[in-house]
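Read the structure below first, then the notes.
If you read the sequence from its start, that first residue is 1, and numbering goes on from there.
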Amino acid sequence: MTAYLPSPLRLRRATLSLITLLGGVSLAVIPAATVAISSRLFSRPEQGVIAVAVMVATFAGQLTFAVVLESRLSSAATERRVVFPLWLAGLALVAALVIALNPTNPVVLCVGLPLLIAALEVGRGVSVAERLDVREIWASVMVGLGALGGVVAAFTGQNWALIPLVAGIAAATLLRCLPVAHKASRPEPAVMGWVVADTAITGVIYPLLNTMILALLGPGDAVLFTAIATVSGLLAIPLNFMRLRLLKAHSQLDIVVSAGAVLAAVVVLVVLERTGVLGFIFGGVWTRSAAILPLVLACCWRGASLPTTIPFAALRRMGEVRLLTGLRAVVSAMAFALAAVGLWLHSLPAVFLGLLLAELASAVVYELARRRRVRAAEQLAVAAR
């Protein structure tokens, strides 16, 4: 549909898409900023627990995203419209207030994080899917400024460093829950069940892996795993952006923009690591480790999602939720097994290598499934003539 727009409108849409995509940095910044702040605010054992809590919160955000957004975007029989639910905004605002009143309590932080991350995931997802670009740009700025303020405060030794972080999230949440002209579509119950099961099967691997790392390798490696996973999550921003847009409709423009952003993000991360910026942000847990190899492997793992996302979104648009759930279960089991081998070797690079190999295999599996589905549809169309 984009191809039929006049050139100025296409340019404006592409520009807004790029700015909105870049605004996704704010989503990846929150887990990284939380780890960075906790490294200055809490003891090493508490940091290890918070590192696992960050992974659990990310998983909770993915599940909420699946229920609120992806189930509706995958319901082919509906208009597939989404809005930011007020109940989620309210819970996130309460969590932000409680953390602000108890900024040095690690338990409060661990309990509140899932609500905050869920609100960030869903709020941004709604803006991207419904092309609320201007609103999303301002919301991203608020989250980014809050994270920056919190990290700066932590570096100067302030024990209230979490307050700016949660304040930025609260401000963005208020903006993202402003009224819109449309109503949310009602998801098909069967589709929702399969989508949530799909997300749960896939997302549970990472908090489970990090819990095992905490138990077997100690809090230092658990924090480093979370730090590398969240930093490489910068690459997930354009990939998630692309997936949301492709769930609505296939767009070559969004694929090209997202691929370019992935390459740029890899370059930025390597430069930040080599210049010592990441070591400065994450402190001793980063500088005392040879982080460059696991970081590069983590970037390759994230980047390998690009060829996976295209056939995945195509199958979702076709309504193949059952097929995808089965495929994701197989791929997730393979990813966990390969990553567990790395854990058995007591090697974080081997863990990320296992995740990379599993992602490459999943790209092949999804593409073969897509082609098979297309051939079946073509045969049915021929038979119906």
Side-chain angles (χ1 to χ4, degrees), residues 55 58-59 62-63 66 70 74 194-210 212-213 225 228-244 246-247 250 255 258-259 262-263 265-266 269 293-376:
M55 287 289 187
T58 301
F59 176 52
Q62 291 169 346
L63 281 180
E70 200 156 352
S74 301
W194 285 109
V195 169
V196 173
D198 180 332
T199 303
I201 290 169
T202 305
V204 75
I205 290 177
Y206 308 111
L208 181 57
L209 267 179
N210 210 19
M212 293 172 66
I213 290 171
F225 178 81
I228 292 175
T230 53
V231 165
S232 66
L234 185 66
L235 277 67
I237 295 166
L239 294 170
N240 290 337
F241 171 90
M242 182 178 74
R243 185 177 71 155
L244 279 170
L246 294 184
L247 283 173
H250 184 77
I255 293 173
S258 300
V262 167
L263 291 175
V266 172
L269 288 180
L293 179 58
L295 177 62
V296 169
L297 289 171
C299 288
C300 292
W301 159 51
R302 298 285 192 181
S305 296
L306 182 67
T308 302
T309 301
I310 298 171
F312 172 85
L315 287 168
R316 272 281 167 84
R317 290 197 307 272
M318 296 173 189
E320 295 290 339
V321 289
R322 293 187 182 185
L323 173 62
L324 278 174
T325 301
L327 293 178
R328 297 259 271 192
V330 172
V331 170
S332 296
M334 179 173 56
F336 184 78
L338 290 173
V341 171
L343 185 58
W344 177 70
L345 295 173
H346 288 70
S347 169
L348 281 185
V351 171
F352 284 113
L353 177 60
L355 294 174
L356 167 60
L357 293 175
E359 192 65 39
L360 292 172
S362 69
V364 175
V365 169
Y366 291 146
E367 179 59 22
L368 290 175
R370 185 196 68 82
R371 293 184 181 186
R372 183 178 179 181
R373 175 66 173 78
V374 169
R375 284 197 300 270

**Study point:** Student check: side-chain heavy atoms of Leu323 and Arg373 closer than 4.5 Å
**Key:**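 No, their side chains stay 4.5 Å or more apart.
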
Measure the [atom1]-[atom2] distance between [X] and [Y] for me, rounded to the nearest 0.5 Å.
X      : Y      : atom1 : atom2 : answer
Leu315 : Glu367 : CG    : CD    : 8.5 Å
Ile205 : Ser332 : CD1   : OG    : 4.0 Å
Phe336 : Leu208 : CZ    : CG    : 4.5 Å
Asn210 : Thr58  : CG    : OG1   : 10.0 Å
Leu235 : Leu306 : CG    : CG    : 10.0 Å
Glu70  : Arg316 : CD    : CZ    : 4.0 Å

**Study point:** Proximity of Phe225 and Phe352 rings by center, below 6.0 Å
**Key:**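 Ring-ring flag for Phe225/Phe352: true, centres closer than 6.0 Å.
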
Exercise for review: Just do the salt bridge (Lys or Arg N to Asp or Glu O under 4.0 Å) check on Arg370 and Glu320 with the steps written out, would you?
Suggested key: CA-CA 10 Å; Arg370 185 196 68 82; Glu320 295 290 339; over 6 Å; no

Exercise for review: Check Val365, Leu246, Leu324 against Phe312 for a side-chain contact (heavy atoms from CB on, under 4.5 Å) and give me the one that passes.
Suggested key: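 Answer to the side-chain contact (heavy atoms from CB on, under 4.5 Å) test with Phe312 among Val365, Leu246, Leu324: Leu324.
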
Point to revise | Candidate list Val296, Leu293, Leu295, test side-chain contact (heavy atoms from CB on, under 4.5 Å), partner Pro349, passing option | key: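 Output: one option passes, namely Leu293.
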
Check your understanding: Does any pair with a residue in residues 228-238 pass side-chain hydrogen bond (donor to acceptor under 3.5 Å, both in side chains), and if so which ones, sequence neighbours excluded?
Key ->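 Only Ser232-Arg302 qualify under side-chain hydrogen bond (donor to acceptor under 3.5 Å, both in side chains).
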
Exercise for review: Show the numbers, then the answer: is there a side chain to side chain donor-acceptor pair (under 3.5 Å) between Thr202 and Arg328?
Suggested key: CA-CA 7 Å; Thr202 305; Arg328 297 259 271 192; 3.3 Å; yes

Review point. Would you find a donor on one side and an acceptor on the other, under 3.5 Å apart, between the side chain of Thr325 and the backbone of Trp194?
Key: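 Present.
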
Check your understanding: So, Ser347 side chain and Ala350 main chain: donor-acceptor pair closer than 3.5 Å or not?
Key ->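 A pair under 3.5 Å: yes.
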
Give me the atom names and distance for the closest heavy-atom approach of [X] to [Y].
X      : Y      : answer
Ala358 : Met334 : O-CE, 4.0 Å
Ala335 : Leu355 : O-CD2, 4.2 Å
Gly342 : Val351 : C-CG2, 3.7 Å
Pro311 : Ala363 : CG-O, 4.5 Å
Ala298 : Ile228 : CB-CG2, 3.6 Å
Phe59  : Pro207 : CB-CG, 4.0 Å

Practice item. Could you tell me which residues satisfy side-chain contact (heavy atoms from CB on, under 4.5 Å) with Ala304, sequence neighbours excluded, listed by chain and number? Key: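 Scan of Ala304 (side-chain contact (heavy atoms from CB on, under 4.5 Å), adjacent residues dropped) gives Leu356, Glu359, Leu360.
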
Practice item. Go through the steps to decide whether Met242 and Ile310 satisfy the test side-chain contact (heavy atoms from CB on, under 4.5 Å), and finish with yes or no. Key: CA-CA 8 Å; Met242 182 178 74; Ile310 298 171; 4.3 Å; yes

Practice item. Evaluate the side-chain contact (heavy atoms from CB on, under 4.5 Å) criterion for residues Leu239 and Ser258: first the C-alpha distance (whole Å), next the side-chain angles of each, then the deciding distance (0.1 Å), finally the verdict. Key: CA-CA 6 Å; Leu239 294 170; Ser258 300; 5.8 Å; no

